[in-house]
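One structure below.
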Amino acid sequence: MTVSVSLLATAAVLCAVGGILMLTRPLTRILLGAVIAGNGINLLVLAAGGRAGAEPLLYGVPLGRVTDPLPQAIALTAIVITLATTAFLLAMAYRSHQLTGTDEVHDDLEDRRIALRAEVLGERDELRDAYRAASDVTDQERTRYREERRRLRARLRADRALQARGRDATGDLWHDVLGADPEDYARLRAHAEDTDPGATG
């Protein structure tokens, strides 16, 4: 089986560029990465079929000269799947830009909390080991040690408060999961101004 080197190189470049774009934060770049990587994978699948040959008809064509139809069928199916994925990512990017003004994917709060807790616990262990390793501890070092411990606990408390504010939901499933429409925000703002004129700023 002979494979075109230029086709393989093009597919490899497309897959690499698509993978790099999918590792970024903006949804539009992720969308472009998915489309480019999909095209690269389609080229790889088509290259796996070998060189071009005659049409895969049932009669009148020698089997040794027929092109393998399976990679073409797989590539056609992959094009349909890529189109559906593109439509889904476009809808997500549009909705994210409509609600937040940006299409950037933010960190998960729970992941950030776990990473912060591990970082704070690591700093606390290092601080405790350094404090216990000291032969003679002065009052000033003891005070600094306690202040550092207090500062680390304050970081965890501040993060827990942020998590509590993040879990403050309205109870409306549509608004909590997908976000309210801009008209709903304007209506809620007008209602808040009517009930408490000093609450808006």
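Quantities reported herein were computed from a predicted structural model and do not represent experimental measurements. Here, residue 1 is the first one in the sequence, and each next residue gets the next number.
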Quiz item: Would a hydrophobic clustering, with Ile, Leu, Val, Met, Phe, Trp and Tyr connected at side-chain separations under 4.5 Å, put L89 with V35?
Solution: yes
Quiz prompt | Nearest-0.5 Å distance, CG of residue L156 to CZ of residue R153 | solution = 10.0 Å
Practice problem: Indicate, with yes or no, if L43 and I79 share a hydrophobic cluster defined by side-chain heavy-atom contacts under 4.5 Å among Ile, Leu, Val, Met, Phe, Trp and Tyr. | Solution: no
Self-check item: OG1 on T82 to CD1 on I36, rounded to 0.5 Å
Solution: 12.0 Å
Practice problem: Would you check if L31 and L27 make a side-chain contact, meaning some heavy-atom pair closer than 4.5 Å? | Solution: no
Quiz prompt | Nearest heavy-atom neighbours spanning C15 and I41 | solution = SG-N, 3.7 Å
Quiz item: In Å, rounded to the nearest 0.5 Å, how long is the span from OG1 of T143 to CZ of R150?
Solution: 8.5 Å
Self-check item: CZ/R29: more than 12 non-hydrogen atoms of other groups inside 6.0 Å
Solution: no
Quiz prompt | Check: T77 side chain, A73 main-chain N or O, donor-acceptor pair, under 3.5 Å | solution = yes
Quiz item: Hey, mind stepping through T138 and E141 against side-chain contact (heavy atoms from CB on, under 4.5 Å) and telling me if it holds?
Solution: CA-CA 5 Å; T138 62; E141 291 174 350; 3.3 Å; yes
Exercise. Could you check E147, E119, R157, E123 and say which one makes a side-chain contact (heavy atoms from CB on, under 4.5 Å) with L152?
Key: E123
Practice problem: For residues P71 and V45, report the shortest heavy-atom separation together with the two atoms involved. | Solution: CB-O, 3.3 Å
Quiz item: For the atom pair CG (L44) and CG (N39), what is the distance rounded to the nearest 0.5 Å?
Solution: 11.5 Å
Self-check item: Test item: L21 and I30 side chains (from C-beta on) under 4.5 Å apart, heavy atoms
Solution: no
Practice problem: Kindly give the heavy-atom pair with the smallest separation between L127 and R149, and that separation in Å. | Solution: CD2-N, 4.1 Å
Exercise. Measure across A34 and M22 and return the closest heavy-atom pair with its distance rounded to 0.1 Å.
Key: N-CG, 3.7 Å
Quiz item: To the nearest 0.5 Å, how far apart are CZ in R124 and OH in Y131?
Solution: 15.0 Å
Quiz item: So do the side chains of T102 and H97 get within less than 4.5 Å of each other, counting heavy atoms only?
Solution: no
Quiz item: For M92, does its backbone N or O pair with a side-chain atom of S96 as donor and acceptor, under 3.5 Å?
Solution: no
Exercise. Please answer: with hydrophobic residues joined when any side-chain heavy atoms are less than 4.5 Å apart, are V17 and L7 in the same cluster?
Key: yes
Exercise. State whether a side-chain donor-acceptor pair under 3.5 Å links D103 with T28.
Key: yes
Practice problem: Could you go through the salt bridge (charged side-chain N to carboxylate O under 4.0 Å, His left out) check for E148 and R128 one step at a time? | Solution: CA-CA 10 Å; E148 285 294 319; R128 185 179 58 217; over 6 Å; no
